[in-house]
Amino acid sequence: MNGLSSEQIAIRDTAARYARDQIQPWHEADESQGRFRREVVAEMGALGFWGALVPETYDGTGTGFLSAILITEEIAKVSPAYAGHMITQSVAVAGTILSHGSEQQKRQYIPALIAGRTIGCFAATEPNVGSDVAAIGATALENSDDFVLNGTKSWITNAPVADLALVFARTAPRRSGISCFLVDLHQTRGVTVRETEKLGQRCAKVGEIFFEDTHLPKSALIGKQGKGFSTLMDLLGNTRLFAAARALGLASTCLHASLEYAKTRSQFGVPIGNHQLIQAQLAEMYVTEQAARTFIYKVARDKDLGTDSPMDVSAAKYFACEAAVRAAEKAMRIYGAYGYSMEYPIQRYLRDAQAMVITEGCSNIQQLIIARHLLKA
Ligand SMILES: Cc1cc2nc3c(=O)[nH]c(=O)nc-3n(C[C@H](O)[C@H](O)[C@H](O)COP(=O)(O)OP(=O)(O)OC[C@H]3O[C@@H](n4cnc5c(N)ncnc54)[C@H](O)[C@@H]3O)c2cc1C
């Protein structure tokens, strides 16, 4: 199915089983309370879920992008929130250290991140800087001994529970003046974190980080000074595809929940699935889900081969995230009043889906990237 190898099928099935048996039983209650379980991160780390992009040298499994996408999709079918945690922890933080960090940084941080012993976050967004990340205003001014970081980061996934932050800050006034730093959130003075309440995906914590005259050693720099913008573009070039996989997992759950309901709910003397207008909605959900999966797996294979294009990553992200919102809306209509009830998870699907068209770059921005590449060709 979908040209997966037997190893990839085994990885996918392990993730599916874990999500169904270990997350599903408590997930809806935790979502309504906004509870995050650190032990779940460690369990997934022990199963090797976080290490697919990391070679064995740093304790990863090295099974590649498509494997990591399959794991993300399966976790997201049950919990888009924990799948989001997973992407931040492994793809954004460990992945960036792997691509841009020094050998010492790789050895020090990557094994702990992918084992789930250390929780990581990445911090680009600021109260006045969202889509236009080149306008980052946080500053990291260099002294003879260290860098002094000042500024506020907002909407940072994992921030309230994180140990380590990958922070993008300005070391010079130009676009080329952005640099990337690793900040130990517990051991560094001048760091405050505040949780942000949000609409959905409430098991994943999001917050603001305030840096006030925060002194960072020179060894905190990731990659070269002034190269942080391209590091951030590399990071987003990976995390966007995983956002697409999260959206795909959610869209798939919406379809299956709708199918189940269409078979069991009767109106006018027959299951509502017998009504052609319901059938049309189910068919539309199926076609979109299949198209998203085929597209995402193709881009993941391209990534494994090193032949991927930023345009296709944005296209997959745009298509799958918009599809998740439409699938959740359709599920809510198919469920009628029960979809609107807090006793059923359909309202959670709709709330969760809304994050997908914003996070890792809004849909408008993905459309701009796609069009820019098309017009350049
Ligand atoms: C749940 C969640 C988790 C997040 N996690 C992280 C994280 O871990 N780390 C992090 O750094 N950030 C994170 N973010 C922030 C996210 O990356 C930003 O919200 C996103 O990039 C958009 O920025 P903004 O919300 O400020 O919207 P804005 O940039 O203010 O955009 C507002 C609206 O204007 C549109 N718009 C903006 N510019 C243009 C344009 N040129 N053309 C057309 N339309 C435009 C946008 O599409 C959007 O509809 C997270 C956000 C959410 C919701």
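Remember, it's 1-based here, ligands and their atoms both numbered in the order they're listed. Worth knowing before you read on, the calculation uses all heavy atoms, side chains too, and leaves out hydrogens, waters and symmetry mates.
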Using a 4.5 Å cut-off on heavy atoms from C-beta on, say whether the side chain of [Y] contacts that of [X].
X: Glu197; Y: Arg202; result: yes
X: Leu216; Y: Thr188; result: yes
X: Ile369; Y: His373; result: yes

[atom] - nearest protein heavy atom and its distance:
atom: atom 7 (C) of ligand 1; answer: Trp155 O, 3.3 Å
atom: atom 1 (C) of ligand 1; answer: Ala355 CB, 4.2 Å
atom: atom 19 (O) of ligand 1; answer: Ile358 CG2, 3.6 Å
atom: atom 9 (N) of ligand 1; answer: Phe122 O, 3.0 Å
atom: atom 45 (C) of ligand 1; answer: Asn364 ND2, 4.0 Å
atom: atom 8 (O) of ligand 1; answer: Thr157 N, 3.0 Å
atom: atom 27 (O) of ligand 1; answer: Ser131 OG, 4.2 Å
atom: atom 23 (O) of ligand 1; answer: Gly130 CA, 3.2 Å

Output yes when Asp13 and Arg17 qualify as a salt bridge under the 4.0 Å nitrogen-oxygen rule, no when they do not.
no

So that I can tick it off, tell me whether Glu360 and Lys317 are bridged by a salt bridge, with the cut-off set at under 4.0 angstrom between side-chain N and carboxylate O.
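Salt bridge between Lys317 and Glu360, a charged N being under 4.0 Å from a carboxylate O: no.
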
Sort out for me which residue in Arg246, Gln354, His85 forms a side-chain hydrogen bond (donor to acceptor under 3.5 Å, both in side chains) with Gln201.
Arg246

Which ligand 1 atoms are under 4.0 Å away from a heavy-atom of Ile156?
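Atoms satisfying the 4.0 Å criterion: 7 (C), 8 (O), 9 (N), 10 (C), 11 (O).
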
Pull out every atom of ligand 1 sitting under 4.0 Å from any heavy atom of Ile365, numbered as shown with elements.
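By the 4.0 Å cutoff, the relevant atoms are 38 (N), 39 (C).
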
Mark whether atom 41 (N) of ligand 1 lies under 4.0 angstrom from at least one protein heavy atom.
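Yes, at least one protein heavy atom sits under 4.0 Å from atom 41 (N) of ligand 1.
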
Verify the contact flag for atom 32 (C) of ligand 1, where contact means a protein heavy atom under 4.0 Å away.
no

Write out all pairs satisfying salt bridge (charged side-chain N to carboxylate O under 4.0 Å, His left out) with one or both partners inside residues 19-30, taking only residues at least two apart or from two chains.
Glu28-Arg348, Asp30-Arg37

Sorted by first residue and then second, give each salt bridge (charged side-chain N to carboxylate O under 4.0 Å, His left out) pair with at least one member in residues 145-162; sequence neighbours left out.
Glu126-Lys153

For atom 17 (O) of ligand 1, which of Thr125, Asp132, Thr196 has the closest heavy atom?
Thr125

Regarding ligand 1, does Ser154 bring an N or O atom to under 3.5 Å of one of the ligand's N or O atoms?
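No.
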
Check whether any N or O atom of Thr88, backbone or side chain, sits under 3.5 Å from an N or O atom of ligand 1, and answer yes or no.
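No; the residue has no nitrogen or oxygen that sits under 3.5 Å from a nitrogen or oxygen of the ligand.
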
Might you work through the side-chain hydrogen bond (donor to acceptor under 3.5 Å, both in side chains) test for Arg351 and Gln347, ending with a clear yes or no?
CA-CA 6 Å; Arg351 288 186 287 108; Gln347 41 75 30; 2.7 Å; yes

Below a 4.0 angstrom heavy-atom separation, can you tell me which part of Leu368, side chain or backbone, both or neither, approaches ligand 1?
side chain

Please work out, at 4.0 Å between heavy atoms, whether the side chain, the backbone, both, or neither of Cys362 comes within that distance of ligand 1.
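Side chain only.
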
Donor-acceptor check, side chain of Asn158 to backbone of Val206, threshold 3.5 angstrom: yes or no?
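No, the answer is negative, given that no donor and acceptor are paired below the 3.5 Å cut-off.
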
Quick check on Asn274: does its CG atom have over 12 non-hydrogen neighbours (other residues, nucleotides or ligands) under 6.0 Å away?
yes

